[in-house]
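Everything below concerns the one structure shown next.
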Amino acid sequence: MIKRALVLASASPRRREVLSGLGLSFEVIPSTIDEQISRPLPPGEMVEQLALRKAEDVARSCKYSLVIGADTVVVLDGKVLGKPADRREAYAMLERLQGRTHQVYSGLALVETDRDGQISRRSVRHRITRVHMRPMSPDEIEWYIYTNEPMDKAGSYGIQGLGSFWVTGIDGCYTNVVGLSVPLLYEMVRDMGYSLIDFTKFGPSDGRTRR
Ligand SMILES: Cc1cn([C@H]2C[C@H](O)[C@@H](COP(=O)(O)OP(=O)(O)OP(=O)(O)O)O2)c(=O)[nH]c1=O
């Protein structure tokens, strides 16, 4: 049986690394949608809407596929922090986040297409992870910004990189903070009637390859 192709609708190198680290076979096709939303939404709805828009945009050019879209924001005191526009904004974000606990919201969308390239099913959910940060001195914030790591990341830090100097702990899913929750993906793929195992290069989950 020919398998559906797994497609990641994202330009984020971190999302790609999360999936390739699992041995999944997938293609990467970044979406070209405008990430502006027309009206303010609660963060959970916002990341779901954007994740779905990214997946649907890419699904238009994918036949017989499962297309994954994702979106991540950081939330502190009810305010949404996206990616910083410049170094000043990165400084302001880190100054607010340091010494506090915030939430990371990541939306995940799964869009299935048929052999004619039509969307046959869609599913979208989000997860929230709480992240605790130790205090950062102004010099540490300056230094961190000059490494450039904060510049393309929601909340201006990367938990998977130098940002880990200041993250003291999390409550919830780690990969959700990096931008794509693996347990959530596993569940969404399963709930659509597939198994994520079957998309890995290690072979199908029914034991056919085992002796
Ligand atoms: C909080 C946090 C975010 N991030 C990243 C994940 C995302 O790449 C980025 C949030 O921006 P997004 O707009 O969610 O994603 P993107 O623009 O990088 O890629 P695309 O829209 O094509 O999918 O922040 C980390 O890498 N580590 C972290 O600890």
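We number each residue from 1, following the sequence as shown. Ligands are counted one by one from 1 in listed order, and the atoms in each one are counted from 1 as well.
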What is the nearest protein non-hydrogen atom to atom 13 (O) of ligand 1, stated with its residue, atom name and distance?
E35 OE1, 3.2 Å

Please walk me through it: do F199 and L19 pass side chain to side chain contact (heavy atoms under 4.5 Å, CB included)?
CA-CA 10 Å; F199 291 96; L19 296 190; over 6 Å; no

Does anything in residues 171-181 form a side chain to side chain donor-acceptor pair (under 3.5 Å)? List the pairs, not counting sequence neighbours.
T129-N176, R130-D171, H132-D171

For ligand 1, which is the ligand I care about here, please tell me if A9 has any N or O atom under 3.5 Å from one of the ligand's N or O atoms.
no

Nearest heavy atom to atom 1 (C) of ligand 1, choosing from P13, S156, A154, belongs to A154

Does R16 make a cation-pi contact with F26, if we ask for NZ or CZ under 6.0 Å from the ring centre and within 45° of the axis?
no

Can you check whether V104 has an N/O within less than 3.5 Å of an N/O in ligand 1?
no

Atoms of ligand 1, numbered as shown, that sit under 4.0 Å from any heavy atom of V178
4 (N), 6 (C), 25 (C), 26 (O)

So if I count the atoms of ligand 1 from 1 in the order they appear, which ones are less than 4.0 Å from some heavy atom of G158?
27 (N), 28 (C), 29 (O)

Could you check whether any side-chain N or O of Q98 sits under 3.5 Å from a backbone N or O of S137, counting only pairs where one atom can act as donor and the other as acceptor?
no

Distance under 4.0 Å to a non-hydrogen atom of Y157: what atoms of ligand 1 satisfy this?
1 (C), 2 (C), 27 (N), 28 (C), 29 (O)

Quick note on ligand 1: atoms under 4.0 Å from a heavy atom of S10 include exactly 19 (O), 20 (P), 22 (O), 23 (O)

Starting from atom 3 (C) of ligand 1, which protein heavy atom do you reach first, and at what distance in Å?
V177 O, 3.7 Å

Between R134 and E140, is there a salt bridge with N-O shorter than 4.0 Å?
no

Residue among K54, R53, K83, R125 satisfying salt bridge (charged side-chain N to carboxylate O under 4.0 Å, His left out) with D71
K54

Students should be able to answer this: which protein heavy-atom is nearest to atom 27 (N) of ligand 1, and at what distance?
Q160 OE1, 3.0 Å

Among all protein heavy atoms, pick out the one at the shortest distance from atom 22 (O) of ligand 1; state its residue, atom name and that distance to 0.1 Å.
A11 N, 2.6 Å

Could you go through the side chain to side chain contact (heavy atoms under 4.5 Å, CB included) check for M93 and H102 one step at a time?
CA-CA 12 Å; M93 282 190 201; H102 63 268; over 6 Å; no

Tell me if a side-chain donor or acceptor on T113 pairs with a main-chain N or O of Y64 at a distance below 3.5 Å.
yes

Check: of R14, K83, R15, min heavy-atom distance to atom 15 (O) of ligand 1 comes from R15

Residue and atom name of the nearest protein heavy atom (relative to atom 29 (O) of ligand 1), distance in Å to one decimal
I159 N, 2.8 Å

Indicate yes or no: does D77 engage R100 in a salt bridge with an N to O separation below 4.0 Å.
yes

Less than 4.0 Å between a side-chain N and a carboxylate O, is that true for D152 and R14?
yes

From H102, K153, K54 - option closest to atom 5 (C) of ligand 1 by heavy atom
K153

D71 neighbourhood, listing ligand 1 atoms whose heavy-atom distance to it stays under 4.0 Å:
12 (P), 13 (O), 14 (O)

